[in-house]
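Below is one structure, written out as structure tokens; comments come after it.
Each chain gets a letter, A, B and so on, in the order its sequence line appears, and its residues count up from 1.
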Amino acid sequence: MINISLPDGSVRQYEKGVSALDIAKSISEGLARNVLSAKVNGTIQDANIPINNDASLQLFTWNDVDGKKTFWHSSAHLLAEALEALYDNVKFGIGPAIENGFYYDVDLGEKTLSSEEFPKIEAKMLELARNKNEYIRKEISKEEAIAFFKEKGDEYKLELLEELEDGNITFYQQGDFVDLCKGPHIPNTGSIKAIKLMSLAGAYWRGDENRKQLTRIYGVSFPKAKELKEYLVLLEEAKKRDHRKLGQELELFMFSERVGSGLPIWLPKGTALRTRLENFLKDEQVKRGYTPVITPHIGKKELYETSGHWQKYGEDSFQPINTPKEGELFLLKPMNCPHHCEIYGHKPRSYKELPLRIAEFGTVYRYEQSGELHGLTRVRCFTQDDAHLFCMPDQLKEEFLGVLDLTTFVLKKLGFDNFTAQISLRDPGNKDKYIGSDELWEKAENAIIEATQEVGMETVTELGEAAFYGPKLDFMVKDALGRSWQLGTIQVDYTLPERFNLEYIGADNQAHRPVMIHRAPFGSMERFIGVLTEHCGGKFPLWLQPEQYALLPISDKFNDYANDVKNQLAALDIRGFVDDRNEKIGRKIRDAEVNKVPIMLIVGEKEAAEGKVAVRKQGEGDVGAMGIDEFKSYFNQLLDEI
RNA sequence: GCCGAUGUAGCUCAGGGGUAGAGCACUUCCAUGGUAAGGAAGGGGUCAAGGGUUCAAAUCCCUUCAUUGGCUCCA
């Protein structure tokens, strides 16, 4: 007998050689039906592999991320099986599970696949799935494996095999399809009940543009047809909320071919929204002891040589602008920090001045490859809600905590309640990528880890994702549709103060090096507003709305009254507009609804006589008539709701 | 940057070798209407830009620009 300990802490005894699936069955038949894979002593594996020793066991179903991954990876194999059945001479690259589904990179030879053939492939996959073929795992020698794929003529798998060690190679087979794969897989194809192939893309073999381009087929699959339907509805909803579409419809921003790609132009309504957002943070920062500054949009090339940015990014930046007479070289600023370092360094600093928190909504320009540009989330000109905190080393953690608190405050105020922090550390195996000593790196990394632990923040740690000058913490925000976005960032930097030779005179009357924190709670205004737009589907928090209400007179007889109400509301700091077009009330309501104006105030004979407004809420309908004072308190109540 | 797709009126899109179409929006007129589109008339396009083929190009070909789905990248 062996002891199996389960996640709930219980320990059960089983015969040696029992599988995770058997154990599930002993708990309940229903569970057994839903088990997709299992984690045995920390290793994720097939649910039907025999367990021979005492082990800790976790069963994965569709409700676990790892269960979904297994399911989708197995679906990729099913796709491959279908392709092999439908087309001749298909060669296979790799076919992993991804965040939402799976893909398989395939070489179809002369054939070009079109998405019109998707229904045919989906039908074949479902047909094969209904066979309930088991995913059979086989350990195989390298020699045999090579012989197999030589015979099949699949050079991609042969290349993958070259990198594998003998004794460590497994095949999986379901139906007639055999694939090199380390697994794990679901027990059989029968649980794949709904499949949708999503798109087609070219992808270079091994991500190398000098190598052959394969056809990548993206798909998603589910254990229930209903779940596929729900997923497709979610995608529709995401399309409706696309900030590029809403930005155009709500006239927030535009792009112009003549101005240039990746250069957003803020229209009046977008500017109103953005300005409110900026002022909100500016006010909050003043309360928290930040000092606003303004710096130029360009700086001499030497500035960026001093900071190290030129050496690191010079080639991939907008190239320097030169002055016609003197031949000086200037760069569009890609960062605000070098300018801020100059501000720190412009006079001798005492420890009594620290921490010094220099803030600027600084517009920066970064060359992004043309293929990377995307709406407001990936642009070539954007404004960071930037600040640099200069402090003594023993103030670092407290400052870091202060920034964590500010960022959390800001995100919550904007309705992002669901976020985690990603701590990005240096790749210990590739230290050449970074500048600065080991000692400084360790100090910085520890400060971040300790601060997040202190506030009990949920974190994920990624090695090799740090900036070249220091470790960082990025806020990963989940929006209303459950999609993850990276927004704000906090970065510890010991390097720039050194490169700029920044000092302060300590209580000991000696010069010391300050530590620097870069931080931007929104990240960039562009990206943040893009994400916020999608998060709230264009229905921004009331306090941010460019137009909080539309005043809709029943007929032009009441335009004067409407304007009178507008003036009264303006005095109460409530903003909106009068729709005085010669249109029927139904029409005015519809237009306001479509434009997502949060409050409609309808005024006609009755309201004018009683000095009232008939209130209607966007998306909800008639709320009833009220006097101006009553409306003011109703409005305040709505403001508090976010 | 690379591979694929796309670019026709302010917007959404149809058309397609023989001098441009719809709906919405816009303008004017009629209607003064009570909670999601009142009616009529009218204006508006070098069919992304440049080049080529052709008697003739918005349509076919090439180049460029832009958008877009991916790949690679992101201080």
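- Among the protein residues, His518(A) comes within range of no part of the nucleic acid, since none of its heavy atoms lies under 4.0 Å from any strand.
- Salt-bridge check for Glu630(A) with Lys612(A): failed, with every basic side-chain N at 4.0 Å or more from each acidic carboxylate O.
- Pair check for A41(B) finds U27(B); Watson-Crick or G-U wobble, both atom distances under 3.5 Å.
- Nearest nucleotide to the side chain of Glu583(A), out of A37(B), G34(B), G38(B): G38(B).
- Note on Arg616(A): a base of the nucleic acid sits closer than 4.0 angstrom, heavy atoms only.
- We find that Glu526(A) and Arg366(A) are not joined by a salt bridge, their nearest charged nitrogen and carboxylate oxygen being 4.0 Å or further apart.
- The same atom, P, is picked in A20(B) and in U27(B); the two are 27 Å apart, to the nearest Å.
- Applying the 4.0 Å criterion to OP1 and OP2 of U68(B), one finds that Arg244(A) has a side-chain N or O inside that range.
- Among A75(B), C73(B), C26(B), the nucleotide with an atom closest to any side-chain atom of Glu372(A) is C73(B).
- One N or O donor and one acceptor, one from the side chain of Glu593(A) and one from the base of A36(B), sit under 3.5 Å apart.
- Comparing G43(B) with C55(B), their P atoms sit 37 Å apart, to the nearest whole Å.
- The residue Lys588(A) sits apart from the nucleic acid: no heavy atom pair falls under 4.0 Å.
- Note: CD1 (Ile98(A)) to C1' (G70(B)) measures 11 Å, nearest angstrom.
- Electrostatic pairing of Arg426(A) and Asp438(A) counts as a salt bridge here, judged by a charged N lying under 4.0 Å from a carboxylate O.
- At a threshold of 4.0 angstrom between heavy atoms, the contacts of Ile585(A) are confined to the sugar-phosphate backbone, with no base atom among them.
- Taking the P atom of each, C71(B) and U64(B) are spaced 24 Å apart, rounded to whole Å.
- Between the side chain of Gln369(A) and the base of U72(B) there is at least one donor-acceptor pair of N/O atoms closer than 3.5 Å.
- Protein atom CG of Leu214(A) is 13 Å distant from nucleotide atom P of C71(B), rounded to whole Å.
- For the pair Arg216(A) (side chain) and Asp105(A) (backbone), a donor-acceptor distance under 3.5 Å is absent.
- Atom NZ of Lys239(A) is separated from atom C1' of G69(B) by 12 Å (rounded to the nearest Å).
- Between the OH atom of Tyr218(A) and the C1' atom of C71(B) there is a distance of 8 Å, rounded to whole Å.
- Atom C1' of nucleotide A75(B) and atom NE2 of His340(A) are separated by 15 Å, given to the nearest angstrom.
- What separates CG of Leu552(A) from C1' of G34(B) is a distance of 11 Å, to the nearest Å.
- Summarising the geometry, the separation between CG on Asp474(A) and C1' on A75(B) is reported as 12 Å, rounded to the nearest angstrom.
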Handout entry: ring pair (Phe, Tyr, Trp, His ring centres under 6.0 Å) between Phe390(A) and Tyr344(A), worked out
Key = CA-CA 8 Å; Phe390(A) 298 89; Tyr344(A) 180 95; 4.7 Å; yes

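- Taking side-chain N and O atoms only, Arg378(A) has no distance below 4.0 Å to OP1 or OP2 of C74(B).
- Scanning all heavy atoms of the two residues, the minimum distance from Cys337(A) to His518(A) falls at SG-CE1, 3.4 Å.
- For G70(B) and U63(B), the C1' atoms lie 24 Å apart once the distance is rounded to whole Å.
- The side chain of Pro334(A) sits closest to A75(B) out of U32(B), C73(B), A75(B).
- In this entry U46(B) has no Watson-Crick or G-U wobble partner, no candidate having both defining distances under 3.5 Å.
- Asn582(A) comes within 4.0 angstrom of a nucleotide base, judged by non-hydrogen atoms across all strands.
- Lys588(A) is not listed as a side-chain neighbour of Met600(A), based on a closest heavy-atom distance of 4.5 Å or more.
- Between the side chain of Glu465(A) and the base of C74(B), no donor-acceptor pair of N or O atoms lies under 3.5 Å.
- Remark: the Glu607(A) side chain and the G34(B) base include a donor-acceptor N/O pair separated by less than 3.5 Å.
- Taking atom C1' on both nucleotides, G23(B) is separated from A56(B) by 32 Å, rounded to a whole Å.
- The side chain of Arg366(A) approaches A75(B) more closely than any other nucleotide in the set G34(B), A66(B), A75(B).
- Using a 4.0 Å cut-off, some side-chain N or O of Ser261(A) falls inside it from OP1 or OP2 of A66(B).
- Using a 4.0 Å heavy-atom cutoff across all strands shown, Ala592(A) reaches no nucleic acid atom at all.
- Contact check, His374(A) against G69(B): a side-chain N or O comes under 4.0 Å of OP1 or OP2.
- Using a 5.5 Å limit on the distance between ring centres and a 30° limit on the angle between planes, the aromatic ring of Phe255(A) does not count as stacked on the six-membered base ring of A66(B).
- Here Gln248(A) lies in heavy-atom contact (under 4.0 Å) with sugar-phosphate atoms only.
- Base engagement by Gly604(A) is indicated by at least one non-hydrogen atom pair under 4.0 Å involving a base atom.
- Comparing the same atom, P, in A40(B) and in U54(B) gives a spacing of 49 Å after rounding to whole Å.
- The base-pairing partner of U12(B), taking Watson-Crick or G-U wobble contacts with both distances under 3.5 Å, is A22(B).
- The base-pairing partner of A56(B), taking Watson-Crick or G-U wobble contacts with both distances under 3.5 Å, does not exist among the strands shown.
- Nearest heavy-atom pair across Glu534(A) and Arg241(A) is O-NH1, 2.8 Å.
- The base-pairing partner of C65(B), taking Watson-Crick or G-U wobble contacts with both distances under 3.5 Å, is G7(B).
- Which of A75(B), A66(B), U35(B) sits closest to the side chain of His309(A) comes down to A75(B).
- If you measure from atom CZ of Arg258(A) to atom P of A49(B), you get 11 Å, rounded to the nearest angstrom.
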